[in-house]
Every structure is written in structure tokens, then in C-alpha cells.
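This report refers to the structure that appears directly beneath it.
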Protein chains: 2
Amino acid sequence: MTSGSSKGLEGTATPVGFAHHDHGTCVADGLAAAETRCEKKNLRFTPVRRKVLEILLQEHRALGAYTILDRLRDEGFGSQPPVAYRALDFLVAHGLAHKIERLNAFIACAHPGENHAPAFMICRLCDSVAEAHSVVAKGALGTAARAIGFRIERTVVEAEGVCPNCAEKAPEKVSV
Amino acid sequence: MTSGSSKGLEGTATPVGFAHHDHGTCVADGLAAAETRCEKKNLRFTPVRRKVLEILLQEHRALGAYTILDRLRDEGFGSQPPVAYRALDFLVAHGLAHKIERLNAFIACAHPGENHAPAFMICRLCDSVAEAHSVVAKGALGTAARAIGFRIERTVVEAEGVCPNCAEKAPEKVSV
DNA sequence: ATGAGGAATGTAACGTTATACAATCACATG
DNA sequence: CATGTGATTGTATAACGTTACATTCCTCAT
Ligand SMILES: [Zn+2]
Ligand SMILES: [Zn+2]
Ligand SMILES: [Zn+2]
Ligand SMILES: [Zn+2]
């Protein structure tokens with residue numbers, strides 16, 4: 001609902017967010033996938049973990065831990081920081097959510113189940129975030145890393161800019 | 001956690017950084033380059049800004065704002081957070097330093113003067129950080145971005161892993 | 001069933017990182 | 001000199017994250 005754009009965009013099937021889509025299925029599908037995944041791996045998909053993932057799935061943008069905590073409180077869960085951080089740690093550890101380092105905030109994974117190195121595009125105008133598959137840095141930076149003998153274990157790839165929806169609405173705001 | 005060195009580097013002659021080099025010139029050259037650059041762009045390279053850059057240049061790793069603040073205090077500068085953050089903001093804004101988002105910490109730019117999109121390799125064992133030129137994400141993620149109409153303005157590319165020096169010393173610690 | 005042990009949760013207190021806003025200073029202009 | 005303007009500094013507080021410990025909830029072997 002946060003994107004809320006009524007613009008049609010180019011009808012192309014984009015590999016990542018920003019595109020107009022039937023958001024109703026996002027939450028349901030995401031929760032179902034997580035449930036399946038946890039069952040398969042023998043992980044406990046507890047109520048609070050499920051709720052946090054649901055909260056994240058409701059938005060295609062990153063939410064701070066304390067924003068999540070507020071919503072947990074409203075739902076009758078604990079109201080202290082560890083409640084949110086523990087659930088988030090679980091989700092991140094098992095690939096159901098990601099942390100956006102640039103924002104100190106979290107977002108539901110858009111490609112659960114697949115083993116991936118995520119890359120993100122963050123709109124500075126509407127705060128929406130899209131996740132792309134990214135062999136990217138592993139390939140390009142990876143070459144440089146191999147050259148000097150650095151062993152990459154994890155990558156953070158985040159692009160900040162203006163999403164197609166916002167660019168259309170405010171083409172002038174170019175400078176940073 | 002950023003304050004106080006906890007890792008035992010004393011064993012070797014390589015304090016920080018991946019490659020052996022004459023570190024004496026790092027600080028002097030970096031300060032000289034910054035001075036020139038500020039003069040050319042009519043920027044005020046004030047004592048506190050200069051000091052912060054000097055502090056950063058002394059290490060090839062990222063320092064937290066409060067670690068820097070501690071050192072500023074020791075040198076007789078102000079001791080309140082904004083003193084450090086304002087100097088850091090200046091240095092980052094003008095390409096003399098970078099923020100490592102993954103660490104919430106700062107490092108002197110290794111390629112001042114050049115207009116670049118930096119990428120970093122962070123050793124999780126010795127905390128050293130190496131900066132690489134990175135057309136990387138602009139090229140690879142950039143392709144994906146163009147495909148959907150996202151305009152990239154800034155990129156964060158950070159690889160976490162084990163540097164060549166540490167890999168040599170502790171080849172066993174592979175776990176992720 | 002039952003009690004032991006480990007995982008998960010609830011709660012309080014604390015630590016770290018970052019910014020908002022008011023006050024002040026430096027300087028140019030009338 | 002008086003005054004407006006923009007940069008700089010000082011103070012308080014917001015935002016983000018962790019530690020510690022008591023309690024509850026599973027699971028499993030007696
Ligand atoms: Zn959706
Ligand atoms: Zn946008
Ligand atoms: Zn050096
Ligand atoms: Zn290392």
C-alpha cells in the first residue's frame with residue numbers, strides 16, 4: 001500500500017519490485033513460503049516470528065526495529081527491544097528477511113527459498129525498496145578480491161536513487 | 001565495541017591493511033592531497049576536520065565516530081558527538097572519507113581526488129578495510145536498474161570476509 | 001506422568017550511534 | 001556602529017542496538 005501508485009508503468013514483467021502488482025498475495029504467499037521452509041528445516045516459526053514477517057511483508061520498504069516493535073506491542077506481544085530483535089535475527093539468519101544497512105532497517109526477503117546474495121534499490125523519495133538477485137558483487141568485486149586473496153563471505157550491495165514511479169512524478173529532483 | 005583494540009595484531013609487523021607498504025607516507029600524502037583539494041574547491045579545511053582526517057589516515061580500518069571523538073578530546077578539541085559527526089560529514093561530503101555502513105564507522109578515502117563509487121572489503125578477523133574502485137554495481141546492478149527505470153545516485157558495496165593476511169594465519173576459521 | 005535440559009519469551013537496564021535545535025560567532029553591508 | 005546573513009558550536013535528546021536475568025514453553029528420556 002505504501003507504493004500506492006496508480007500509474008501503469010510499462011507493462012513489462014520486472015524481475016523486482018516497484019512494479020504495480022496484486023499486493024494481496026504478497027503477504028499470504030510470503031507467509032506460506034516461510035511456513036513451508038521452516039517446517040522443512042525443522043525451525044520453529046513461532047507467533048512472534050510469524051507476526052514480524054507479516055508486518056514486513058505488508059510493505060515493500062524497510063522498517064526499523066522500533067517501528068516493528070510498536071506494532072508488536074499493538075498486537076499484544078512483548079514491548080521491549082529484544083522481542084523485535086530476536087525475531088528479526090531469526091528471520092535474517094534463515095533468509096526470510098534482510099537488513100538494509102544503509103537504513104538500519106529490515107525488509108522481507110523477496111526470493112525466499114533461493115540461496116542468494118541480495119542487492120537492493122532504495123528510493124530516497126518514497127522509501128520503497130526492491131530486491132534483486134545479485135551474483136553481482138560476487139562476480140565483479142569477486143574478481144578483484146581473488147586477485148588479492150580476499151575471501152568474500154557476505155556482501156552488502158545497496159543502490160540509492162529514485163524509483164521509476166517517483167521519477168515520473170518528480171523528474172526535476174535530480175541533484176543530491 | 002569500536003573503542004579499544006581487542007585483536008592481537010602485535011605478532012606481526014603488519015599493523016593493518018592487506019598489503020605491506022610504507023605507511024609513513026599514507027598520513028602525510030593524504031593530508032596534503034586533502035589540503036590541495038580543499039583549496040581548489042574553496043572549502044575550509046579547519047583544524048578539527050584536518051585532525052579527524054589525520055586520525056582516519058593513521059589506520060587502514062574503519063573507526064566509529066565515538067572512537068574518533070575520544071581522540072579529539074585527547075587532542076584538546078570538543079568532546080561532544082556533533083564535533084566528530086560534523087567533521088565526518090564534511091569529509092564524507094567532499095570525498096575525503098567514506099562511511100562503512102556495515103560497521104557504522106568511517107575510513108579515509110584511499111583514492112582522493114578521483115570521482116568514484118567506492119567498494120570495500122572488510123576483514124572480520126582483523127577489522128582491516130581495503131577500498132577498491134568500483135564501477136562494479138553501477139555496471140552490473142546498473143543494468144538491472146536501467147531495465148526497470150531506477151535511477152541510481154549512490155551505491156553501497158561492501159564485502160565481508162577474510163583478508164589474505166588472516167587467511168594465512170587462520171585458514172581453519174571458515175565458518176560463516 | 002514427570003522431571004531435566006534447552007529453546008524461546010518477557011522485562012528492565014544499559015550502551016552506542018546519530019540528529020534537532022538553540023545559541024553564538026564571523027563577516028559583509030548600509 | 002548597527003544589523004542581517006550564514007556558518008559554526010553547544011546542549012539536549014532521539015534512534016538504534018545489546019546485555020542480563022527471570023520465566024515459560026517444548027521435547028525427550030526416564
Ligand atoms: Zn506486494
Ligand atoms: Zn520512489
Ligand atoms: Zn598505510
Ligand atoms: Zn584480516
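Within every chain, numbering begins at 1; the chains are lettered A, B, ... in the order of the sequence lines, protein sequences first and strands thereafter.
- Mapped onto DNA chain C by nearest heavy atom, Ser79(A) and Phe90(A) fall at different nucleotides, with Phe90(A) at the one closer to the 5' end.
- With sequence neighbours left out, the side chain to side chain donor-acceptor pair (under 3.5 Å) criterion links Asp29(A) to no other residue.
- In this structure, Lys51(A) places its NZ atom 15 Å from P of dT9(C), rounding to the nearest Å.
- Atom-to-atom, CG of Leu63(B) to P of dT16(C) comes out at 16 Å; the value is rounded to the nearest Å.
- Gln58(A) CD to Cys26(A) SG: the interatomic distance, rounded to the nearest 0.5 Å, is 11.0 Å.
- Between the P atom of dA14(D) and the CG atom of Asp70(A) lies a distance of 14 Å, rounded to the nearest Å.
- The shortest heavy-atom contact between Val162(B) and Cys123(B) is CA-SG, 4.1 Å.
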Side-chain donor-acceptor contacts of residues 84-101 of chain A below 3.5 Å, not counting sequence neighbours, with atom names and distances?
from, atom 1, to, atom 2, distance (Å)
His94(A), ND1, Phe90(A), O, 3.0
His98(A), NE2, His116(A), NE2, 3.2
His98(A), NE2, Glu131(A), OE2, 3.2
Glu101(A), OE2, Arg102(B), NH1, 3.0

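- At whole-Å resolution of the value, CG in Leu69(A) and P in dC16(D) are 12 Å apart.
- Contacts of residues 38-49 of chain B with DNA chain D (heavy atom under 4.0 Å): Arg44(B), Arg49(B).
- dT17(C) atom C1' lies 12 Å from atom CD of Glu101(B), rounded to whole Å.
- Within the structure, salt bridge (Lys or Arg N to Asp or Glu O under 4.0 Å) pairs that include any residue of residues 74-85 of chain A comprise Lys51(A)-Glu75(A) (at least two apart or interchain).
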Every protein N/O lying under 3.5 Å from an N/O of nucleotides 27-29 of chain C:
none

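- The interatomic distance linking Arg102(B) (CZ) with dT17(C) (C1') rounds to 16 Å, in whole Å.
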Between N or O atoms, less than 3.5 Å apart, protein on one side and nucleotides 17-24 of chain D on the other: list the pairs.
from, atom 1, to, atom 2, distance (Å)
dG17(D), OP1, Lys99(A), NZ, 2.7
dG17(D), OP2, Tyr85(A), OH, 3.0
dG17(D), O5', Tyr85(A), OH, 3.3
dG17(D), N7, Tyr66(A), OH, 2.5
dG17(D), O6, Tyr66(A), OH, 3.2

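- Sorted by first and then second residue, the side chain to side chain donor-acceptor pair (under 3.5 Å) pairs involving residues 31-48 of chain B (not counting sequence neighbours) are Glu35(B)-Arg50(B).
- Partners of Phe150(A) according to the ring pair (Phe, Tyr, Trp, His ring centres under 6.0 Å) rule, which considers only residues two or more places apart in sequence or in another chain, are Phe18(B).
- Applying the side-chain contact (heavy atoms from CB on, under 4.5 Å) test to Ala105(A) and every residue at least two apart in sequence or in another chain returns Ala62(A), Leu103(A).
- Per the geometry, CZ belonging to Arg73(A) stands 17 Å off P belonging to dT9(C), to the nearest Å.
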